[in-house]
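Encoded as structure tokens, the structure appears first; notes follow it.
What you are looking at is a predicted structure, and each value in this text was computed from that prediction instead of being measured.
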Amino acid sequence: MTIQILILVLVFLVVAGLIFGAAAWYNQRAELQDRVRQMAQQDSEVDQDLTNEAGAVWQAKEAKVAAPMASLSSPKEGWETSALRIRFIQAGLRDPSWPVIFFAAKTVLAIALPGLFLLYQTLVSRHSTLGGNTVLMFLLLFAAIGYYAPNALLSTVTRRRQRDLQDALPDALDLMTVCVEAGLGLDAAMNRTAGEIGLRSKPLAEELNLVALELRAGVRREQAMHNFALRTGVDDIAAFVSMIVQSDRFGTNIADALRVQADTMRVQRQLRAEETAAKIPVKLLFPLIFFIFP
């Protein structure tokens, strides 16, 4: 009986030792994997910073090369107060080299597209039945397309960024409400929200960081918020800015105002989604008629 108990105790100790050893090995391996993951994340951040720096240098070189072409279509004066400069800001293209590349692209495309069409027309002139007026009309058409294509691309980039800002704003207001109710001031709440909302929307995090930088530089909150609305061009952000300004003037509870504003914008986001879904059958009608039914 004593030998049997001793054997059972030994078996228990061996099994328990194996279990604890496997658990310790697994925990050590998990810690090692976490450490490797953290190092890989740090390396990726460093690589991303180096890539952004290299891209900025390459972009500056491109702008330097494209400067002579850009001077042919760029405005001679009034650029600082022009609507096109505001569109660049709303698109998030704040580097000084972007306008140079933009105007250079307008000049090059306005010359290259008619040139390619003229070259094609010269090569197939024997088999072409186009008259001189038709060729001239196509040349003017391709020149207009090349000149206004960068404008269309800039408008597309601006709309996508504004849609991203508009969709992420209710979530940012929820975070801001939680921070204000936890005892933070509005400026600190916006700074905290800028650090957290980056996982949801990087453009909104960048804009809130710019607001925080302006406030640190001594700009009045009202002016900083108006600059925020001007940089984005989003109606919901303009309404949010108006609410903040009115709350500061009349001394209302900022947490309640943020909560009401967040609920209103969330309802508007839901209505926009329902409107987009309602347009799908109409948009599918023409492909069905012209491509699927035949």
- Task: Show your working on side-chain contact (heavy atoms from CB on, under 4.5 Å) between L186 and M190 and close with a plain yes or no.
- Result: CA-CA 6 Å; L186 181 60; M190 293 180 64; 4.3 Å; yes
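- Using a 4.5 Å cut-off on side-chain heavy atoms (C-beta onward), L213 and R216 make contact.
- Connection of L284 to V282 is not established within any shared hydrophobic cluster, with ILVMFWY side chains joined at heavy-atom distances below 4.5 Å, either directly or through further cluster members.
- A donor-acceptor contact shorter than 3.5 Å links the side chain of N209 to the backbone of A205.
- Cluster annotation: F117 is connected to I145 through the hydrophobic network of ILVMFWY side chains, with a link wherever side-chain heavy atoms come within less than 4.5 Å.
- Of the residues M265, R266, Q261, the one that meets the side chain to side chain contact (heavy atoms under 4.5 Å, CB included) test with L169 is M265.
- Closest of all the heavy-atom pairs between A172 and L204 is CB-CD2, 3.6 Å.
- Sorted by first then second residue, the salt bridge (Lys or Arg N to Asp or Glu O under 4.0 Å) pairs that include residues 238-255, not counting sequence neighbours, are R221-D248, E222-R249.
- Here the side chains of D171 and R269 are in contact, with some heavy-atom distance below 4.5 Å.
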Under 3.5 Å, side-chain donor or acceptor atoms of residues 236-245 against the rest of the protein: list the pairs with distances, not counting sequence neighbours.
residue, atom, partner, partner atom, Å
D236, OD2, Q166, NE2, 3.3
D236, OD2, R272, NH1, 3.4
S242, OG, A238, O, 3.0

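- Residues P150 and G146 come closest through the heavy atom pair CD-O, 3.4 Å.
- Contact detail for A229 and T232: the closest heavy-atom pair is O-OG1, 3.2 Å.
- When all heavy atoms are compared, the tightest approach of V219 to L215 is O-CD2, 3.7 Å.
- For the atom pair CZ of R85 and CZ of R94, the computed distance is 10.5 Å after rounding to the nearest 0.5 Å.
- Considering CZ of F228 and CG of L165, their distance stands at 7.0 Å, rounded to 0.5 Å.
- Closest approach of S247 to A257, counting heavy atoms only: OG-CB, 3.9 Å.
- Between atom NZ of residue K106 and atom CG of residue L154 there is a gap of 9.5 Å, rounded to the nearest 0.5 Å.
- A salt bridge links E207 to R161: one of the charged nitrogens lies within less than 4.0 Å of a carboxylate oxygen.
- Rounding to the nearest 0.5 Å places CG of D263 at 11.0 Å from CG of L258.
- A chain of hydrophobic side-chain contacts below 4.5 Å, direct or via other Ile, Leu, Val, Met, Phe, Trp or Tyr residues, connects M137 to L113.
- In summary, E206 and K202 do not engage in a salt bridge, as defined by a charged side-chain N under 4.0 Å from a carboxylate O.
- With values rounded to the nearest 0.5 angstrom, R159 atom CZ is found 9.0 Å from Q162 atom CD.
- F102 approaches L84 most closely through the heavy-atom pair CE2-CD2, 3.8 Å.
- At least one side-chain heavy atom of V211 sits under 4.5 Å from a side-chain heavy atom of R231.
- Atom CZ in R87 sits 6.0 Å away from atom OG1 in T158 (nearest 0.5 Å).
- With N227 contributing its side chain and Q223 its backbone, the two residues share a donor-acceptor pair below 3.5 Å.
- Residues L118 and F142 are members of one and the same hydrophobic cluster, defined by side-chain heavy-atom contacts under 4.5 angstrom among Ile, Leu, Val, Met, Phe, Trp and Tyr.
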